[in-house]
Number of protein chains: 2
Amino acid sequence: MRLIKKNIDLEKPGKTAEKILVAARAVFAEKGYSGTHVDEIAECAGVNKATLYYQIGDKDTLYANVIHQVLGNTAQNIAEAVAKVDDPIEKLKAYVNCIAANADKNPELPPIMMREIAGGGATLPLVVIEDIASVITILIGILDKGKKQEIFTETNPFLIHMMIIGTILFYKGSVPIKDRQLWIPNDIKAHDKRLKGGLGDEVAQLVIKAIKR
Amino acid sequence: MRLIKKNIDLEKPGKTAEKILVAARAVFAEKGYSGTHVDEIAECAGVNKATLYYQIGDKDTLYANVIHQVLGNTAQNIAEAVAKVDDPIEKLKAYVNCIAANADKNPELPPIMMREIAGGGATLPLVVIEDIASVITILIGILDKGKKQEIFTETNPFLIHMMIIGTILFYKGSVPIKDRQLWIPNDIKAHDKRLKGGLGDEVAQLVIKAIKR
DNA sequence: GTATGGTTTAACCGTATGGTTAAATATTTC
DNA sequence: GAAATATTTAACCATACGGTTAAACCATAC
């Protein structure tokens with residue numbers, strides 16, 4: 001677990017710190033923590049490496065800040081969106097759409113989260129794992145309420161959570177690979193293009209159909 | 001794209017080469033390509049680093065061999081299993097179960113594939129991407145046949161593929177994190193335990209329900 | 001114009017890391 | 001027992017890389 005050694009005001013970073021964080025997000029997303037070099041982030045940000053250390057700190061500090069920024073208030077957003085509705089189906093829709101919206105807003109999220117999970121969460125900050133736990137607890141509540149109202153069948157909440165985030169993150173994470181393929185039939189390309197913006201809705205619809213009685 | 005510089009007989013590796021490949025799979029899975037050091041693999045294998053270079057070659061060669069070994073004949077297995085049945089629902093079940101069975105047989109597969117996709121496939125051998133393309137082409141065929149027979153609704157094949165592998169790989173990839181959590185209610189733990197071995201069936205069932213008319 | 005904070009320069013340091021090597025040793029094969 | 005192959009030893013090399021630093025320069029505020 002990497003500690004945030006320097007408390008950067010993420011709500012109001014200076015211009016230089018913001019440039020560094022933007023560059024760091026992009027490079028960490030593309031290459032992962034170990035595959036990323038500090039020199040590379042500095043070059044991408046258009047600042048000197050010494051500035052990076054002056055403004056933010058070491059690589060661990062930078063990465064922890066990136067994780068914090070990319071995840072944002074995901075857990076809180078999900079909790080608020082789900083609380084606003086009462087019907088379990090609407091709650092599940094809100095849940096899925098929040099996750100998809102956050103991935104839309106932060107394109108670095110899918111690759112970063114995929115690598116973190118691949119690494120067994122060994123380098124995820126504890127607060128992030130707690131956030132994930134709170135999100136899954138929300139889903140457990142939704143599925144339980146839906147089951148009691150005989151809307152949903154009995155399901156494994158972990159599996160459903162992994163289905164939701166797995167679908168969204170894999171779909172978004174594989175876009176660069178897919179966009180390089182030339183063999184894809186045009187009708188499927190067209191169908192895929194229509195999905196833009198509506199990924200959350202589509203995934204929500206599929207998941208709801210999957211667990212409905 | 002990493003090239004296999006040395007053609008190791010993967011069907012019949014020597015004892016030492018086998019030890020090295022086993023160690024390499026484990027460490028690459030846990031730490032990723034860049035996070036893994038050659039010394040570490042050698043130590044894990046219980047051989048000298050010079051032996052590793054003698055038997056297999058450089059880090060890229062080793063990694064390419066690991067990818068090849070972990071993926072095995074996944075695409076071919078899927079093609080054969082799907083061809084054995086005629087009903088689109090049974091085809092889809094065979095498709096999902098093959099993917100799940102391969103992940104069962106190769107626990108290193110989820111983390112490695114997650115990282116490769118997170119990296120945009122930049123370091124995946126071309127033959128692997130071609131395998132993935134052929135697998136998705138099989139799914140396109142299944143969904144099309146099912147749609148023509150009015151069993152399945154119209155769906156986005158990429159999204160369905162990502163739903164299938166996303167669910168399986170995320171579920172398996174997050175087991176180390178999940179097993180460390182203490183807040184999980186016992187009934188959910190029990191439900192989760194019952195899933196062991198039946199992940200393919202469960203995911204197939206969910207996906208089929210999701211796309212049925 | 002001075003003071004202050006931010007940024008760059010241009011190294012530098014210590015450690016790491018992939019990869020190599022010739023000789024020595026060990027193991028296997030015939 | 002000799003020959004061939006495998007493995008280890010014990011370095012070594014070149015480059016990389018995270019992180020640091022004091023002085024110089026730049027931008028901004030007063």
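Lettering follows sequence order; numbering is per chain, from 1.
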Student: For the pair Thr74(B) and Asn77(B), evaluate side-chain hydrogen bond (donor to acceptor under 3.5 Å, both in side chains) and give the outcome as yes or no after the intermediate values.
Tutor: CA-CA 5 Å; Thr74(B) 303; Asn77(B) 291 345; 5.7 Å; no

Student: Using the ring-ring contact (aromatic ring centres under 6.0 Å, His included) criterion, which residues pair with Tyr171(B)? Sequence neighbours excluded.
Tutor: none

Student: Distance-only check: which donor-acceptor pairs under 3.5 Å involve side-chain atoms of residues 156-165 of chain B, not counting sequence neighbours?
Tutor:
from      : atom 1 : to        : atom 2 : distance (Å)
Asn156(B) : OD1    : Phe158(B) : N      : 3.0
Asn156(B) : OD1    : Leu159(B) : N      : 3.3
Asn156(B) : ND2    : Asp192(A) : OD1    : 2.9
His161(B) : ND1    : Tyr95(B)  : OH     : 2.8

Student: In this structure, how many angstroms lie between the C1' atom of dT8(C) and the NZ atom of Lys19(A), rounded?
Tutor: 12 Å

Student: Through what angle, rounded to 10 degrees, does the axis of the helix from dG1(C)-dC30(D) to dC30(C)-dG1(D) turn between its ends, using five pairs per end?
Tutor: 20°

Student: Identify which nucleotide among dT8(D), dT20(C), dG18(D) has an atom closest to any side-chain atom of Lys59(A), counting heavy atoms from C-beta outward.
Tutor: dG18(D)

Student: Looking only at heavy atoms, which two atoms of Pro176(B) and Gly120(A) are closest? And how far apart?
Tutor: CB-CA, 4.3 Å

Student: Under a plain distance cut-off of 3.5 Å, with no hydrogens placed, do Thr51(A) and Asn48(A) share a side-chain donor-acceptor pair?
Tutor: no

Student: Could you check whether any side-chain heavy atom of Val22(B) comes within less than 4.5 Å of a side-chain heavy atom of Arg25(B), counting everything from C-beta outward?
Tutor: yes

Student: Rounded to the nearest Å, what distance is computed from the CG atom of residue Asp58(B) to the P atom of nucleotide dT20(C)?
Tutor: 7 Å

Student: Please enumerate all protein N or O atoms sitting under 3.5 Å from an N or O of nucleotides 3-6 of chain C, with distances to 0.1 Å.
Tutor:
from   : atom 1 : to       : atom 2 : distance (Å)
dG6(C) : OP2    : Tyr54(A) : OH     : 2.5

Student: Using whole Å, what does the distance between atom P of nucleotide dG19(D) and atom CG of Leu52(A) come to?
Tutor: 10 Å

Student: Going by an N to O cut-off under 4.0 Å, is there a salt bridge joining Glu43(B) and Lys49(B)?
Tutor: no

Student: Could you tell me which residues satisfy salt bridge (Lys or Arg N to Asp or Glu O under 4.0 Å) with Glu90(A), sequence neighbours excluded, listed by chain and number?
Tutor: Lys93(A)

Student: Any idea which heavy atoms bring His37(B) and Ser34(B) closest together, and the distance?
Tutor: CE1-O, 4.1 Å

Student: Taking atom types as modelled, find out whether Asp131(B) and Ser134(B) have a side-chain donor-acceptor pair closer than 3.5 angstrom.
Tutor: no

Student: Can you tell me the distance, in whole Å, between the NZ atom of Lys15(A) and the C1' atom of dT28(D)?
Tutor: 12 Å

Student: State whether Thr51(B) places a side-chain N or O below 4.0 Å from either non-bridging phosphate oxygen (OP1 or OP2) of dT8(D).
Tutor: yes

Student: Please give me every residue in residues 37-47 of chain A whose heavy atoms get under 4.0 Å of an atom in DNA chain D, ordered by residue number.
Tutor: His37(A), Val38(A)

Student: With no hydrogens and no angle check, just 3.5 Å: does a side-chain donor-acceptor pair link Tyr33(B) and Asp60(B)?
Tutor: yes

Student: Rounded to the Å, how far apart are Ile56(B) CD1 and dG19(C) C1'?
Tutor: 15 Å

Student: Between dG18(D) atom C1' and Leu62(A) atom CG, what is the distance in whole Å?
Tutor: 12 Å

Student: Starting the side chain at C-beta, find the nucleotide from dT8(C), dT9(D), dG18(D) nearest to Ala50(A).
Tutor: dT8(C)

Student: Asn48(B) has a side chain; which of dG19(C), dT8(D), dT8(C) sits nearest to it?
Tutor: dT8(D)

